[in-house]
Amino acid sequence: MQSPVIAYELATADPGALGAAELAALHADATAARIRWGAIRATRGRGPERFAETDAALASTDALAARAHTEETPLSGPERTLLLDRIVALQGRYRMAEAVALHDRLRQLGVDTPAYARLATAEALLYLERPEAAGELYRGVLIDQPENFAAELGWFYALVESERHAEAADRIGRLAARTPRLLFADVPGMTRPNPRYQTATAARSMAPAYADRLDRAEAEVSALVLEAPFSMPLRENAAAVSSLRGRPRRADEELRWILAVEQDNGIADAQRVSPLLEMHEFRAAEHALEHGLRAAPEDKRVQLALDRWQVHNLRQLYVDAAFGRSSGGAPTGTRDYAMDALAYSAPIAYDWRAFAHAHLASATFDTGPVDWRRFGAGVEHRRRDLVLTAEVNAGAGASGGAAVALGGRWWANDSLSVSGTLQTQSNSIPLQARRAGIGGRGVDLAIAYRVHESRAFGAGLRALDFSDGNVRTGASASWFERLVTGPVYKLDVEFHADASSNSLADAPYFNPRRDFTPSLTLVNDWLTWRRYARSFRQRLSATAGSYHQSGFGAGGLWALQYEHVWEVDRRLYLRYGIGRSVRPYDGERTTRDFALLTIDWRY
């Protein structure tokens with residue numbers, strides 16, 4: 001591998017030994033050898049020192065590259081070879097924009113770029129998140145070299161990142177099918193596993209995950225891990241699927257298994273950042289990221305982990321608001337709105353955040369309007385499997401005196417969690433009661449069981465202790481199921497049942513002795529546009545059910561809701577929508593037109 005390098009060094013030590021043309025050709029051979037050797041070292045080493053050979057090759061062609069970009073002087077054969085090899089070196093050094101620029105410049109100069117240079121350029125384009133342009137180059141390489149495994153694999157990922165999932169699954173399926181499991185299968189004593197087979201099958205197993213068919217992906221990845229339990233790429237896939245299914249603890253277990261075998265695997269450690277953040281293991285996440293940055297800061301997986309850590313350390317503004325207009329004798333009034341706004345500080349000493357909270361609500365009744373405005377401040381403490389909050393708040397004007405709100409949530413594992421809140425001045429007291437000068441305390445307890453992203457169950461208990469002596473107790477149950485899943489369209493069904501009772505017979509607010517509300521909601525979700533972390537979805541929800549009120553019998557209810565959901569990037573989430581609901585109160589049919597807004601901004 002290094003003989004051309006040695007030959008070139010000897011030739012330059014004796015300037016008269018070779019002619020200019022021979023020396024240029026030898027220089028090109030030596031540079032190509034350095035690049036090949038540098039690629040091997042880059043895959044086996046850790047940290048920037050693994051690029052030493054590649055950097056030396058690039059340094060030897062810097063002047064030529066500068067001339068090619070600025071002058072129109074024709075290039076000699078050895079010079080063209082040097083610059084084509086430089087594209088490969090730039091891509092291997094993660095100088096992707098330079099690799100693409102040099103490829104484009106050589107095409108402008110009329111240089112016919114061979115398959116290996118186009119392949120390196122395609123890899124650079126894919127890294128730069130230009131999958132359509134990368135796919136065109138991969139396709140061109142495969143026209144010239146139909147059996148080029150790297151081009152086939154690269155084109156699969158370019159199709160995935162272009163959201164062409166059916167084509168991607170078909171292509172990787174055919175590649176895996178024609179890649180032999182064993183090398184030299186017919187030669188006794190020479191037979192050995194084919195690493196390309198494992199690469200192709202690992203990629204094929206993840207194709208359903210990229211298309212949001214996670215149950216199938218989990219089954220395929222699990223089967224491959226059983227077949228090859230010491231395959232680190234397969235373990236990484238298992239961790240990725242577990243994360244997508246909402247199982248951060250299982251994902252972290254898979255990645256720690258890799259680290260037990262390969263302690264210096266900084267990329268696997270960096271991939272732990274996301275599940276560790278979900279589990280509130282913030283110090284461990286920082287240490288894992290530092291390991292990844294030392295090992296391979298230019299790797300996309302490490303960069304993703306860095307971005308998630310940076311987002312975690314930002315301030316946060318969360319706003320949830322609803323606005324409505326109702327007909328008839330609705331207990332919400334003829335016009336109403338409610339808004340909760342929470343402004344969080346950046347993390348303090350890893351586990352703490354301070355926050356400010358504003359709760360604003362208003363409704364207009366036949367007897368006049370009523371406003372409820374509360375402002376508070378508090379702290380949030382997050383640690384492994386636990387979130388605790390404490391807030392002190394007070395009302396503005398006639399919205400009550402000082403109060404305390406406490407909350408918490410605990411995760412027993414990836415599936416089971418328990419949460420609860422206590423408010424000494426509850427914002428759940430209806431505004432009809434506030435209009436009559438009635439307040440109250442509130443407490444609730446909820447339990448959630450999440451099987452995976454497509455199935456979840458929940459139950460809850462709550463109580464409101466009104467200042468007029470009334471005690472309202474309630475219970476609820478829910479079931480969520482994803483009926484249809486895919487990269488573009490999803491259909492979910494949500495069942496809710498809610499029951500409540502009140503101890504006081506007469507009150508100046510809607511106060512049924514007992515009521516019961518079962519309902520079923522279908523949620524249609526269309527992915528209209530997605531580009532990596534950015535996306536736009538449309539959702540249409542339809543609800544049907546019945547409302548049973550003691551003394552008034554049962555009446556049907558329904559609702560329609562249409563929403564836009566924007567994920568502008570990992571720092572901004574925006575949801576807004578409109579809808580209409582129809583339901584009875586005291587036997588009278590009422591309608592409500594409403595609008596919703598949710599903002600989650602990290603800044």
Side-chain angles (χ1 to χ4, degrees), residues 69 84 86-88 90-176 199-200 202-213 217 240 244 298-301 303-304 307 486-490 526-538 565-570:
H69 278 292
L84 291 168
R86 181 180 172 87
I87 293 174
V88 178
L90 288 168
Q91 184 268 325
R93 191 60 178 90
Y94 290 88
R95 291 162 61 177
M96 304 301 192
E98 293 178 65
V100 174
L102 181 56
H103 173 269
D104 293 346
R105 177 58 177 164
L106 291 178
R107 296 296 296 268
Q108 289 175 358
L109 294 174
V111 176
D112 185 18
T113 53
Y116 74 87
R118 281 178 280 148
L119 182 61
T121 306
E123 298 289 339
L125 285 165
L126 198 59
Y127 184 94
L128 294 171
E129 299 185 354
R130 296 171 58 187
E132 293 82 7
E136 286 301 309
L137 285 180
Y138 285 128
R139 188 171 64 86
V141 170
L142 288 168
I143 291 173
D144 296 343
Q145 299 177 352
E147 300 302 317
N148 190 310
F149 182 84
E152 283 278 15
L153 196 64
W155 198 6
F156 160 68
Y157 286 112
L159 289 169
V160 167
E161 295 179 24
S162 301
E163 301 293 335
R164 296 161 61 182
H165 295 284
E167 295 174 67
D170 178 67
R171 179 155 294 278
I172 196 62
R174 287 190 282 115
L175 176 63
T199 299
R204 182 192 62 193
S205 71
M206 287 298 290
Y210 303 139
D212 287 333
R213 295 184 173 94
L244 291 170
E298 63 288 318
D299 189 278
K300 275 286 190 178
R301 293 161 292 183
Q303 291 181 358
L304 177 60
D307 184 67
V488 176
Y489 176 72
K490 295 176 178 62
W526 291 272
L527 176 64
T528 309
W529 173 83
R530 179 166 59 193
R531 190 71 170 182
Y532 295 94
R534 303 177 297 279
S535 67
F536 169 55
R537 294 182 177 274
Q538 300 181 71
V565 181
W566 293 89
E567 293 190 54
V568 180
D569 53 23
R570 295 186 185 91

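The first residue of the sequence shown is numbered 1, and numbering continues consecutively from there. Given the structure is predicted, the values throughout are model-derived calculations rather than measurements. Every heavy atom of this structure was used, including side-chain atoms; hydrogens, water molecules and symmetry mates were not.
In this structure, the side chains of I87 and Q91 stay at 4.5 Å or more apart for every pair of heavy atoms. Side-chain contact between M96 and V100 is absent, with no heavy atoms from C-beta onward closer than 4.5 Å. Side chains of L126 and Y157 form a contact here, defined as non-hydrogen atoms less than 4.5 Å apart. Between Q538 and V565 the shortest side-chain heavy-atom distance does not fall below 4.5 Å.
Contact check on E567 versus R534 returns no salt bridge, with no Lys/Arg side-chain nitrogen under 4.0 Å from an Asp/Glu carboxylate oxygen.
Taking R95 as the reference, E98 meet the side-chain hydrogen bond (donor to acceptor under 3.5 Å, both in side chains) condition, with sequence neighbours excluded. Taking R530 as the reference, E163, H165, D212, L527, S535, R537 meet the side chain to side chain contact (heavy atoms under 4.5 Å, CB included) condition, with sequence neighbours excluded. The side-chain hydrogen bond (donor to acceptor under 3.5 Å, both in side chains) search around S162 returns none, not counting sequence neighbours. Remark: V488 pairs with no residue by the side chain to side chain contact (heavy atoms under 4.5 Å, CB included) rule, at least two apart or across chains. In this structure R213 satisfies the salt bridge (charged side-chain N to carboxylate O under 4.0 Å, His left out) test with no other residue, sequence neighbours excluded. D307 meets the side-chain hydrogen bond (donor to acceptor under 3.5 Å, both in side chains) test with R570, R571; sequence neighbours excluded. For the ring-ring contact (aromatic ring centres under 6.0 Å, His included) test, residues two or more places apart in sequence or in another chain that qualify with W526 are Y489. Under the rule for a side chain to side chain contact (heavy atoms under 4.5 Å, CB included), the partners of R107 that lie at least two apart in sequence or sit in another chain are H103, T113. Applying the side-chain hydrogen bond (donor to acceptor under 3.5 Å, both in side chains) rule to Q145 yields the partners N148; only residues at least two apart in sequence or on another chain are considered. Residues passing the side chain to side chain contact (heavy atoms under 4.5 Å, CB included) test with W566, sequence neighbours excluded: F536, H564, V568, L574, Y576.
Among pairs with a residue in residues 116-154, those fulfilling ring-ring contact (aromatic ring centres under 6.0 Å, His included) read Y94-Y127, at least two apart in sequence or across chains. Residue pairs meeting the salt bridge (charged side-chain N to carboxylate O under 4.0 Å, His left out) criterion with at least one partner in residues 116-132, sequence neighbours excluded, are R118-D144, E129-K300, E132-R531.
Expressed to the nearest 0.5 Å, how far NE2 of H69 lies from CD of Q108 amounts to 9.5 Å.
Taking every heavy atom of both residues into account, A168 and L159 meet most closely at CB-CB, 3.7 Å. Heavy-atom minimum distance, A200 versus A176: CB-CA, 3.9 Å. The two residues S205 and A202 have their closest heavy-atom pair at OG-O, 2.7 Å. Closest approach of L119 to A150, counting heavy atoms only: CD2-CB, 3.9 Å.
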I172 vs M206, side-chain contact (heavy atoms from CB on, under 4.5 Å): CA-CA, chis, key distance, verdict: CA-CA 10 Å; I172 196 62; M206 287 298 290; over 6 Å; no
